[in-house]
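Each remark here refers to the structure printed beneath this line.
Each chain gets a letter, A, B and so on, in the order its sequence line appears, and its residues count up from 1.
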Amino acid sequence: MVEPDPWGSFRDEAIAWTCEALHAAYGIAEEIDHLVEEPDAELADFAFPCHAFASQAQAAPADIAENLEDALPPTDEMTVRAEGPYLNFDVEPEALVTTTLDSVRERSAGYGELPERGSSVLVEHTSANPTGPLHVGRARNPLLADSIVRLLRAAGHHVVAEYYVNDMGRQAATLVWGAKNVDLRGDAYELDPDEAEAFSFDLLAQPRDAASKRVLDPGPDEAGKLDRLLVQYYQAANRALELHDQGRALPDRDPEDEIADLIQAFEADDEETATEFRQIVTWAMKGIRSSLEDANVHHDNVVFESELVLDGSVERVLADLRELDACQTEDGAEYLDMEQLGVDTDKPQMFITRGDGTTLYGTRDVAYHLDKLERADELVDVLGEDHKLHATEIQAALSALGIEVPLDVVFYNFVSLPEGSMSTRSGRVVYLDDLLEESRTRALAEVRERRGEELSEARMEEIADLVGPAALRFNVVSVQSEKPIEFSWEKALNFEGSTAPFVQYSHARTCGILEKAGLDPGQAPAGDLTALMHDSEIQLVRRLAQLPSLVRECADDRKVHPVTAYAVETAQDLNKFYRDCPVLEAGSPELREARLALVDATRQVLANALALLGIDAPESM
RNA sequence: GCGCCCGUGGCCAAGUCCGGAUAUGGCACCGGCCUCCUAAGCCGGUGAGCGCGGGUUCAAAUCCCGCCGGGCGCGCCA
């Protein structure tokens with residue numbers, strides 16, 4: 001049985017020894033896990049700063065370090081030395097190399113994965129309103145969350161990724177209203193001259209003309225990617241609402257009322273209305289899911305909020321919420337008094353029904369969380385930071401119902417444009433599709449320039465398909481999720497430095513070496529590894545050893561940016577090794593074999609790290 | 001106005017949760033490296049003391065307080 005987590009096992013050992021020595025020398029018995037550091041590689045693998053115990057031990061930190069060193073038995077796994085106030089540990093190269101490379105070889109694609117934890121986690125993510133294509137601002141959600149899902153799976157959880165479709169709210173209703181009432185051909189409507197330019201849509205008294213029919217009953221080839229068409233109806237509907245408010249359009253109608261009527265009819269399960277919503281939402285979702293597939297993001301399950309309303313779940317939750325003392329009424333609408341629930345928020349009232357009796361997003365989301373809870377042990381929601389208040393509200397509502405939900409919410413900041421945040425409604429957006437397409441095109445140009453003479457056109461296109469979307473994904477996900485990102489085409493399409501293409505390229509190099517050695521990936525012989533002694537070799541192995549620990553940390557903290565850093569660092573270490581240590585022309589057959597094993601292991605680790613990011617590793621590029 | 005998040009070389013990020021050894025990468029810039037396993041690469045160099053001001057501590061980019069700048073929120077929207 002190989003060690004699944006080489007670095008973690010050495011670290012645990014260093015901690016255990018330090019504890020023992022601390023106890024033996026000073027009678028101190030304390031948890032010191034958090035004190036043990038991993039400083040720069042030249043300094044030590046693990047370090048224990050002794051300052052913390054100076055007063056307890058009644059000794060200078062440097063003396064403590066000396067005493068601890070003396071108290072520790074020598075082993076062939078790790079060396080220990082006192083250096084000033086630090087007790088430094090170095091894993092013996094031989095132990096490091098054999099433990100690590102054996103583990104990688106044995107576990108191959110599973111290297112990095114941790115033992116089953118037996119708990120199930122339901123990760124809800126993306127859940128963008130089905131009103132149009134995914135834009136880059138929101139796309140941070142699926143890109144981030146899909147990697148969190150992969151990390152949790154690697155960490156041994158059973159994970160379900162779910163998309164919650166808000167098909168019954170005002171946004172969806174606005175789109176439906178638009179699809180039924182707006183003609184996008186845009187000629188005859190009378191407006192101020194400057195308005196006409198901004199709003200070139202024709203609002204029709206008659207629903208379902210040619211254009212809206214196209215939405216409600218599209219031809220076979222339009223059904224695939226209808227989100228881009230639909231969003232125009234959504235934008236037009238919003239524009240109509242705005243103009244109507246200003247008294248400049250639809251003087252004898254009230255779009256707002258008509259939208260409210262749609263919601264009421266849907267909640268009352270009016271068949272025709274339900275069909276319209278379902279159809280339009282399904283088309284929008286088809287477009288969104290196809291974009292997600294292009295970005296290699298997967299959901300295991302899609303839940304429509306209307307299901308929860310129509311099957312009575314929301315009604316049952318509502319009944320329970322009404323029982324609460326905190327539930328009060330204002331103008332016929334019901335709300336929960338947050339202060340009474342002991343929650344200090346910006347909004348003291350959490351409305352759970354409208355005056356017309358229809359429910360609100362928050363109410364339905366409470367029901368949805370209860371539903372999720374029946375299907376998993378732990379919940380993770382990935383939400384934009386604009387949902388922070390909403391998240392506290394539903395958690396407050398849930399705990400008011402006496403349900404402690406093991407819910408972890410991961411917030412992210414939006415990707416914005418230099419001129420401000422992206423907005424579907426206004427059309428100030430960069431769509432994910434366009435960016436993916438652009439990235440692919442750019443990648444193809446790059447491959448052609450570099451390898452145009454050697455590779456076939458088909459192969460170059462394959463590579464571009466792997467590299468373009470990967471560059472984008474890597475880029476978005478390499479920044480800590482709570483930091484804002486300002487979008488720039490230049491950065492998004494950069495293929496040098498800390499990027500996916502650099503990591504992929506390094507992976508391709510390992511494959512190139514193996515190929516020249518006549519070996520298939522994963523087939524390097526398990527020879528005598530003790531020949532690996534060069535600093536660059538050891539540093540590379542050290543890096544490989546760390547993947548499982550990284551997975552544990554990232555999965556537990558639900559963060560993915562350290563994985564991108566790790567992938568880049570591994571590639572950098574590989575490139576240094578590549579520079580310093582000839583493989584095919586190594587000095588001896590033993591060394592050559594050992595280096596081939598290291599190359600093969602690195603190939604595997606790079607591929608595994610990229611897999612956590614939803615990125616495929618090409619064998620050549 | 002109130003609440004939450006962010007503020008690190010010219011630019012972009014890591015490090016901040018759990019305070020410790022000369023602050024780590026990338027882009028850009030300057031200078032080198034393709035008779036040698038793919039130059040989407042490698043080596044060297046210039047450049048920050050971590051928004052500002054206090055405080056705690058043997059020790060602060062990391063903790064506390066105040067301020068400034070940016071984002072988000074404060075809907076019978078989602």
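Legend: residues meeting side-chain contact (heavy atoms from CB on, under 4.5 Å) with A/Gln523, ordered by chain and number and at least two apart, are A/Asp520. Residues satisfying the side-chain contact (heavy atoms from CB on, under 4.5 Å) criterion with A/Lys347, sequence neighbours excluded, are A/Thr345, A/Leu389, A/Glu393. Scored by the side-chain contact (heavy atoms from CB on, under 4.5 Å) test, A/Thr353 finds A/Leu318, A/Arg322, A/Glu334 as partners (sequence neighbours excluded). The side-chain contact (heavy atoms from CB on, under 4.5 Å) check on A/Glu242 picks up A/Arg239, A/Gln246, with sequence neighbours excluded.
Spacing between atom CG of A/Asp556 and atom C1' of B/C17 amounts to 13 Å, rounded to whole angstrom units. Taking atom OH of residue A/Tyr578 and atom P of nucleotide B/G41, one finds them 13 Å apart after rounding to whole Å. What separates CD of A/Glu393 from C1' of B/C4 is a distance of 14 Å, to the nearest Å. Atom CZ in A/Arg579 sits about 17 Å away from atom C1' in B/U38, given to the nearest Å. Across the protein-nucleic acid pair, A/Gln56 atom CD and B/C58 atom C1' stand 16 Å apart, rounded to whole Å. The NE2-P distance, from A/His34 to B/C17, rounds to 11 Å in whole Å. A/Arg592 places its CZ atom 14 Å from the P atom of B/C37, with the value rounded to the nearest Å. Nucleotide B/A40 holds its C1' atom 5 Å from the CE atom of A/Met621, rounded to whole Å.
B/G69 and B/U8 have their C1' atoms separated by 15 Å, with the value rounded to a whole Å. With both ends at atom P, the span from B/C67 to B/C30 equals 45 Å, rounded to whole Å. Of the C1' atoms belonging to B/A23 and B/A60, the separation is 12 Å, rounded to the nearest Å. Atom P of B/C43 sits at a distance of 39 Å from the matching atom of B/C5, rounded to the whole Å. The P atoms of B/C27 and B/G44 are separated by 14 Å, rounded to the nearest whole Å. With both ends at atom P, the span from B/U16 to B/G53 equals 24 Å, rounded to whole Å. For the C1' atoms, the distance from B/U56 to B/G71 is 31 Å, rounded to whole Å. Of the P atoms belonging to B/G73 and B/A61, the separation is 34 Å, rounded to the nearest Å.
Between A/Arg170 and A/Pro501, the one whose closest nucleotide on RNA chain B sits nearer the 5' end is A/Pro501. Position along RNA chain B of the nearest nucleotide to A/Glu490 versus A/Asp557 favours A/Asp557 as the more 5'-ward residue.
Under the 6.0 Å distance and 45° angle rule, A/Arg509 counts as a cation-pi partner of A/Tyr578.
Taking the six-membered ring for Trp and the full ring otherwise, the centers of A/Tyr361 and A/His390 sit less than 6.0 Å from each other. If you look at A/Tyr86 and A/Phe48, their ring centroids are not closer than 6.0 Å.
When A/Asp580, A/Leu591, A/Leu540 are each tested for a side-chain contact (heavy atoms from CB on, under 4.5 Å) with A/His534, only one passes: A/Asp580.
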Base, backbone or nothing for each nucleotide of nucleotides 20-26 of chain B, written B, S, -, heavy atoms under 4.0 angstrom, 5' to 3'?
-> BB---SS
Could you encode protein contacts along nucleotides 5-16 of chain B as a string, one character per nucleotide from 5' to 3', using B for base contact, S for sugar-phosphate-only contact and - for no contact, with a heavy-atom cut-off of under 4.0 Å?
-> SSS----SSSSB
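For B/G73, its base sits under 3.5 Å from the side chain of A/Asp346 at one donor and acceptor pair at least.
Nearest nucleotide to the side chain of A/Asn575, out of B/A78, B/G41, B/C37: B/G41. When each of B/A40, B/A78, B/G73 is scored by its nearest atom to the side-chain atoms of A/Asn166, the top-ranked nucleotide is B/A78. Side-chain proximity of A/Tyr505 to the nucleotides B/G73, B/G41, B/A78 is greatest for B/G41.
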Take A/Phe89 and A/Phe46, measure what ring-ring contact (aromatic ring centres under 6.0 Å, His included) needs, and give me the verdict at the end.
-> CA-CA 5 Å; A/Phe89 295 84; A/Phe46 308 103; 7.2 Å; no
Report the C-alpha separation of A/Arg442 and A/Glu438 in whole Å, then their side-chain angles, then the decisive distance to 0.1 Å, and conclude whether the salt bridge (charged side-chain N to carboxylate O under 4.0 Å, His left out) test is met.
-> CA-CA 6 Å; A/Arg442 169 76 198 285; A/Glu438 189 62 36; over 6 Å; no
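By the 4.0 Å N-to-carboxylate-O rule, A/Lys372 lies too far from A/Glu162 to be salt-bridged with it.
Within residues 349-369 of chain A, the residues having any heavy atom under 4.0 Å from RNA chain B are, by residue number, A/Phe351, A/Arg354, A/Gly355, A/Leu360, A/Tyr361, A/Arg364.
Under the ring-ring contact (aromatic ring centres under 6.0 Å, His included) criterion, the residue pairs touching residues 476-495 of chain A are A/Phe487-A/Trp489, with sequence neighbours excluded. Legend: side chain to side chain donor-acceptor pair (under 3.5 Å) pairs involving residues 129-139 of chain A, not counting sequence neighbours, sorted by first then second residue: A/His135-A/Thr424. Pairs engaging residues 38-57 of chain A under the side chain to side chain donor-acceptor pair (under 3.5 Å) rule: A/Trp7-A/Glu38, A/Arg11-A/Glu38, A/Glu30-A/Gln56, A/Asp45-A/Arg542 [sequence neighbours left out].
At the heavy-atom level, A/Cys511 lies nowhere under 4.0 Å from the strands shown.
At the phosphate of B/G41, neither OP1 nor OP2 sits under 4.0 Å from any side-chain N or O atom of A/Ser506. Close to B/U38, at under 4.0 Å from its OP1 or OP2, lies a side-chain N or O of A/Lys516.
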Quick test: give all pairs of protein nitrogen or oxygen and nucleotides 61-65 of chain B nitrogen or oxygen below 3.5 Å, distance rounded to 0.1 Å.
none

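Taking the side chain as every heavy atom from C-beta outward, A/Thr359 and A/Ile352 never approach each other to under 4.5 Å. With a 4.5 Å cut-off on side-chain heavy atoms, A/Ile513 and A/Thr510 do not count as touching.
In the displayed structure, A/Glu31 atom CD is contacted under 6.0 Å by at most 12 heavy atoms of other residues, nucleotides or ligands. Residue A/Glu515 qualifies as open at atom CD: its count of foreign heavy atoms under 6.0 Å is 12 or below. Surrounding CD of A/Glu486 are more than 12 heavy atoms belonging to other residues, nucleotides or ligands, all under 6.0 Å away.
For the strand RNA chain B, secondary-structure stems (runs of at least three Watson-Crick or G-U pairs, all distances below 3.5 Å) span B:1-7 with B:68-74, B:10-13 with B:24-27, B:29-33 with B:41-45, B:51-55 with B:63-67.
B/C34 adopts a syn glycosidic conformation, its chi angle falling within 90° of 0. Shown here, B/G49 is classed syn by the O4'-C1'-N9-C4 or O4'-C1'-N1-C2 angle, which is within 90° of 0.
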